[in-house]
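Chain identifiers are assigned alphabetically (A, B, ...) following the order of the sequence lines, protein sequences preceding nucleic acid strands; residue numbering begins at 1 within each chain.
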Amino acid sequence: MPNRLTLHDTLTRTEREVTPLDGKTLRFYCCGPTVYGPAHIGNFRTFVAQDIMRRVVEAGGTPTLHVRNITDVDDKTIRDSQKAGQSLTDFTRGWTEKFHADCTVLNLLAPHVEPSAVAHIPHQIAMIEKLIANGHAYAGSDGSVYFRVASFKDYGKLSHLEDRELRLGASEAASATDWDEYTKDSLTDFALWKARKPEDGANYWPSPWGEGRPGWHLECSAMILEYLGEDFDLHSGGVDLIFPHHENEIAQSCCSTHGKFAHHWMHVAHLTVDGAKMSKSLGNLYTLEDLAKRGYSAVEVRYVLIYGHYSAPLNFTLHSLDSARQALQKLAKADRALSGISPALQHSTTPGPFAEAWKLLCHDLNVPGALGSIFGTLNKLKPATLSNEEATTMRGGLNFMLNTLGLQLPAIVAEAPTEVPADIQTLAQQRWDAKQAKDWATADTLRKQLESAGWLIKDSKEGFTVVPK
RNA sequence: GGCGAGGUAGCAAAGUGGUAAUGCACUGGUCUGCAAAACCGGUAUGCGCGGGUUCAAUUCCCGCCCUCGCCUCCA
């Protein structure tokens with residue numbers, strides 16, 4: 001592909017080309033889910049955006065190494081596993097499986113490596129030891145270990161938070177949570193290792209500083225070092241992770257290695273629902289299952305999630321799912337029309353007439369622009385007017401674009417085989433007979449009757465079909 | 001208060017220094033007994049408000065208003 005992906009980088013605030021450091025494979029890390037419940041569509045917005053990033057890189061001919069962690073130990077997983085009366089392992093395994101199932105139906109490419117925090121405790125301990133040895137961390141009086149923020153001069157560079165603001169925020173939090181400030185040298189210092197507490201139950205591990213568990217920020221740093229090394233291409237997550245999570249990762253990693261870390265930062269903006277932040281109290285926290293119960297498929301959800309640029313907030317509504325359904329139908333019909341002219345679908349590695357859409361994707365993943373361009377091209381080049389050769393190229397290009405967006409076309413509703421109940425079929429036949437007899441009144445009555453039963457009639461010259469409303 | 005993102009048609013959402021993609025919805029036509037489906041069209045003199053720069057701004061600059069996110073563990 002002539003076009004290379006450029007992405008906005010949070011750290012430098014510039015749009016830069018994404019090129020592998022080693023000249024071969026793009027190696028990137030994504031902060032994964034905390035597995036204490038079903039992921040909601042807001043979580044998936046981030047994962048879908050990352051998925052498209054990967055697909056664009058791969059479609060451009062560059063292989064990737066995709067690492068995404070599973071957070072399976074933290075306050076929430078421990079708390080909720082106890083509520084559920086399960087061991088932490090069993091509890092998080094269940095939700096990890098659910099997460100994987102959701103990823104599959106959303107057509108997300110599985111990461112090449114998916115490490116879990118619990119499985120990497122020795123790695124985390126080793127990193128803490130290094131940080132203590134070189135003076136960036138210290139054991140507090142409570143048996144926890146803290147990172148000394150003051151020892152890292154670049155702290156705050158990613159989030160652009162000034163020292164003064166960090167203190168302000170931390171002191172408010174301290175008074176709010178009644179933090180014992182004597183255990184830490186500074187309020188801004190954060191935990192690398194958390195000393196065992198009674199409420200942790202059986203969830204603790206031995207360490208040189210006593211029993212406890214790793215701090216949340218550390219796992220990513222430790223696993224990145226293990227699977228991607230000190231230096232890697234790109235790091236991604238939701239915008240809310242910029243501070244403190246990613247800021248802390250940078251501090252931990254740069255101070256325990258040679259000062260290198262991610263070369264590019266990609267952050268995905270949040271999804272709002274009906275204009276408001278998603279929250280349990282507002283009752284607007286949708287999971288894939290919630291939407292499936294309302295009759296919406298995963299590809300429809302995926303379409304909605306990619307319909308706004310990843311860097312800007314996107315508003316989700318149920319109406320947008322209806323809109324997505326129609327749009328997908330339109331794409332499916334275009335593909336069907338092309339297949340009528342050019343039946344053999346070959347896996348294309350070029351966008352063909354959709355070059356503009358491909359270019360837009362390569363320019364900071366402009367998915368909405370690319371989709372608009374795809375429709376524009378379809379509107380302009382009428383499939384029916386194309387030669388066999390042109391149709392082949394176009395169908396290949398459409399296929400290339402849809403694969404890159406990870407959109408699997410649904411069956412065309414009007415043609416989808418549906419089981420029509422016998423009584424409905426009978427009514428429909430009676431209506432057809434009445435119509436043939438030019439008994440319009442009876443025909444219309446029967447049609448209305450069918451409609452109120454949830455079935456629509458579609459007539460053609462030769463006969464009729466019945467489809468669910 | 002600080003930092004960041006954003007305000008474009010009924011809904012959603014791209015984009016550009018020269019006069020606004022696209023999807024849904026709506027609507028006109030063809031077709032149909034009438035519809036539905038399908039196909040072909042139409043729909044923002046306007047891009048938060050006020051100034052400025054320019055031959056020309058929605059697009060650049062300044063000020064203001066509003067929305068959202070983050071400011072210690074929320075994707």
Side-chain angles (χ1 to χ4, degrees), chain A residues 10 13 30-34 39-50 71 74-76 149 156 159-162 164-174 176-177 179 187-191 194 215-217 236-245 247-248 267-272 275-279 303-304 307-309 311-317 319-328 330-331 333 356-357 360 366-379 382 384 413-414 435 438-440 443-444 447-448 451 456-461 464-465 467 469:
Chain A
T10 311
R13 300 187 183 191
C30 302
C31 290
T34 301
H40 55 72
I41 54 172
N43 297 312
F44 281 118
R45 180 187 189 192
T46 300
F47 299 132
V48 168
Q50 292 160 344
T71 297
D74 78 325
D75 291 342
K76 293 186 294 269
V149 167
S159 52
H160 298 88
L161 287 175
E162 298 298 324
R164 185 173 51 83
E165 291 141 18
L166 291 172
R167 276 180 216 292
L168 185 71
S171 58
E172 280 168 357
T177 58
W179 195 287
L187 285 168
T188 57
D189 292 352
F190 58 91
K194 302 179 98 160
W216 177 54
H217 307 295
S236 178
V239 279
D240 54 309
L241 296 184
I242 294 173
F243 188 88
H245 185 58
E247 201 71 74
N248 290 354
H267 287 103
V268 183
H270 277 177
L271 191 71
T272 55
K277 186 183 178 175
M278 277 190 295
S279 69
Y303 192 96
V304 171
Y307 199 69
H309 189 95
S311 69
L314 176 66
N315 188 34
F316 176 89
T317 60
H319 174 258
S320 66
L321 283 168
D322 294 323
S323 176
R325 172 169 298 173
Q326 292 309 119
L328 284 161
K330 201 166 185 170
L331 289 170
K333 282 166 188 166
E356 186 192 65
L360 286 162
N366 187 349
V367 175
L371 281 168
S373 171
I374 289 171
F375 283 109
T377 303
L378 289 172
N379 290 339
K382 317 280 182 201
V413 168
K435 186 187 165 181
K438 297 197 191 295
D439 179 3
W440 311 129
D444 288 352
R447 185 168 63 199
K448 274 183 190 160
E451 225 172 283
L456 287 177
I457 298 287
K458 292 184 182 177
D459 286 344
S460 67
K461 296 275 184 217
F464 64 92
T465 50
V467 295
K469 201 171 173 178

query = Which part of the nucleic acid, if any, lies within reach of A:H309 when heavy atoms closer than 4.0 Å are counted: base, sugar-phosphate only, or nothing?
reply = sugar-phosphate

Between the CG atom in A:D240 and the NE2 atom in A:H267, the distance rounded to the nearest 0.5 Å is 8.5 Å

Applying a 4.0 Å non-hydrogen cut-off, can you work out what A:H270 is touching in the nucleic acid: base, sugar-phosphate, or nothing? base

When rounded to whole Å, the CH2 to P distance for the pair A:W216 and B:rC73 reads 9 Å

By the Watson-Crick or G-U definition, both distances under 3.5 Å, B:rC47 is matched with none

C1'-based separation of B:rU16 from B:rA56 [nearest Å]:
14 Å

**Asked** Checking only heavy atoms, does the side chain of A:R447 share a donor-acceptor pair with the base of B:rA35 at less than 3.5 Å?
**Response** yes

Which part of the nucleic acid, if any, lies within reach of A:K438 when heavy atoms closer than 4.0 Å are counted: base, sugar-phosphate only, or nothing? nothing

**Asked** Taking C-beta and beyond as the side chain, do A:I457 and A:K435 meet within less than 4.5 Å on heavy atoms?
**Response** no

Handout entry: Nearest-angstrom distance, C1' atom, B:rC74 to B:rG48
Key = 30 Å

To the nearest angstrom, the CD1-P distance between A:I457 and B:rA38 comes to 16 Å

In whole angstroms, the gap separating C1' of B:rC71 from CG of A:L241 amounts to 14 Å

| Are the side chains of A:V367 and A:H309 in touch, meaning some heavy atoms are under 4.5 Å apart? | no

- Query: Between A:L371 and A:Y303, is any pair of side-chain heavy atoms under 4.5 Å apart?
  - Reply: yes

Paired to B:rC39 by Watson-Crick or G-U wobble criteria (both distances under 3.5 Å) is B:rG29

So NE2 of A:H160 and CD of A:E247: to nearest 0.5 Å the spacing works out to 9.0 Å

Across every strand shown, the nucleotide meeting Watson-Crick or G-U wobble geometry with B:rU22 (both distances under 3.5 Å) is B:rA12

Taken to the nearest whole Å, CG/A:N315 to P/B:rC68 is 12 Å

Subject >> P-based separation of B:rC68 from B:rG52 [nearest Å] >> reply: 32 Å

To the nearest 0.5 Å, atom OG of A:S159 lies from atom NE2 of A:H245 at 13.0 Å

Assign each of A:K333 and A:A312 the nucleotide of RNA chain B bearing its closest heavy atom; nearer the 5' end lies the nucleotide of A:A312

Report task. Could you measure between the two C1' atoms, the one in B:rC66 and the one in B:rU72, and give it in whole Å? Result -> 29 Å

Whole-Å distance, A:F190 CZ to B:rC73 C1', equals 11 Å

Applying the 3.5 Å cut-off to both distances, the Watson-Crick or G-U partner of B:rU54 turns out to be none

Distance col, row A:C30:SG vs A:L241:CG, nearest 0.5 angstrom, shows 11.0 Å

Inter-nucleotide P distance (B:rG29, B:rC65), Å rounded: 50 Å

Quick tally for nucleotides 18-30 of chain B: nucleotides whose base has a protein heavy atom under 4.0 Å get B, sugar-phosphate-only ones S, the rest -, giving ---BBBB------

From NE2 of A:H160 across to P of B:rG2 the rounded distance in Å is 16 Å

Looking for any heavy atom pair under 4.0 Å, which part of the strands does A:G42 touch: base, sugar-phosphate only, or nothing?
base

In Watson-Crick or G-U wobble terms, with both distances under 3.5 Å, the base opposite B:rA5 is B:rU67

The Watson-Crick or G-U wobble partner of B:rU59, with both key distances under 3.5 Å, is none

(Q) Work out how far the C1' atom of B:rG6 is from that of B:rC47, and round it to whole angstrom. (A) 14 Å

By nearest-nucleotide position on RNA chain B, the 5'-leaning member of A:S320 and A:L360 is A:S320

### Distance-only donor-acceptor check, side chains A:D322 and A:H319, under 3.5 Å
no

note: A:K458, atom NZ; B:rA36, atom P; distance rounded to Å ~ 12 Å

From CZ of A:F243 across to C1' of B:rG2 the rounded distance in Å is 12 Å

Is it the case that B:rG33 (base atoms only) and A:D444 (side chain only) share a donor and an acceptor within less than 3.5 Å, ignoring hydrogens and angles? yes

* Residue pair A:I374, A:L331: steps toward the side-chain contact (heavy atoms from CB on, under 4.5 Å) verdict -> CA-CA 9 Å; A:I374 289 171; A:L331 289 170; 4.0 Å; yes

Across every strand shown, the nucleotide meeting Watson-Crick or G-U wobble geometry with B:rU72 (both distances under 3.5 Å) is none

Side-chain atoms of A:L271 come closest, of B:rA75, B:rG15, B:rC74, to B:rA75

Below 4.0 angstrom from OP1 or OP2 of B:rU32, is there any side-chain N or O of A:K435? no

For a quick check of understanding: with a heavy-atom distance under 4.0 Å over all strands, which category does A:S311 fall into, base, sugar-phosphate or nothing?
sugar-phosphate

Please measure how far the C1' atom in B:rU58 lies from the corresponding atom in B:rA21, and state the result in whole Å. 15 Å

| request: Could you work out the separation of B:rA13 and B:rU53 based on their C1' atoms and round it to a whole Å? | output: 30 Å

Residues A:F47 and A:P33: closest non-hydrogen pair is CZ-N, 3.9 Å

Does any donor-acceptor pair link the side chain of A:K382 with the base of B:rC39 at a separation under 3.5 Å? no

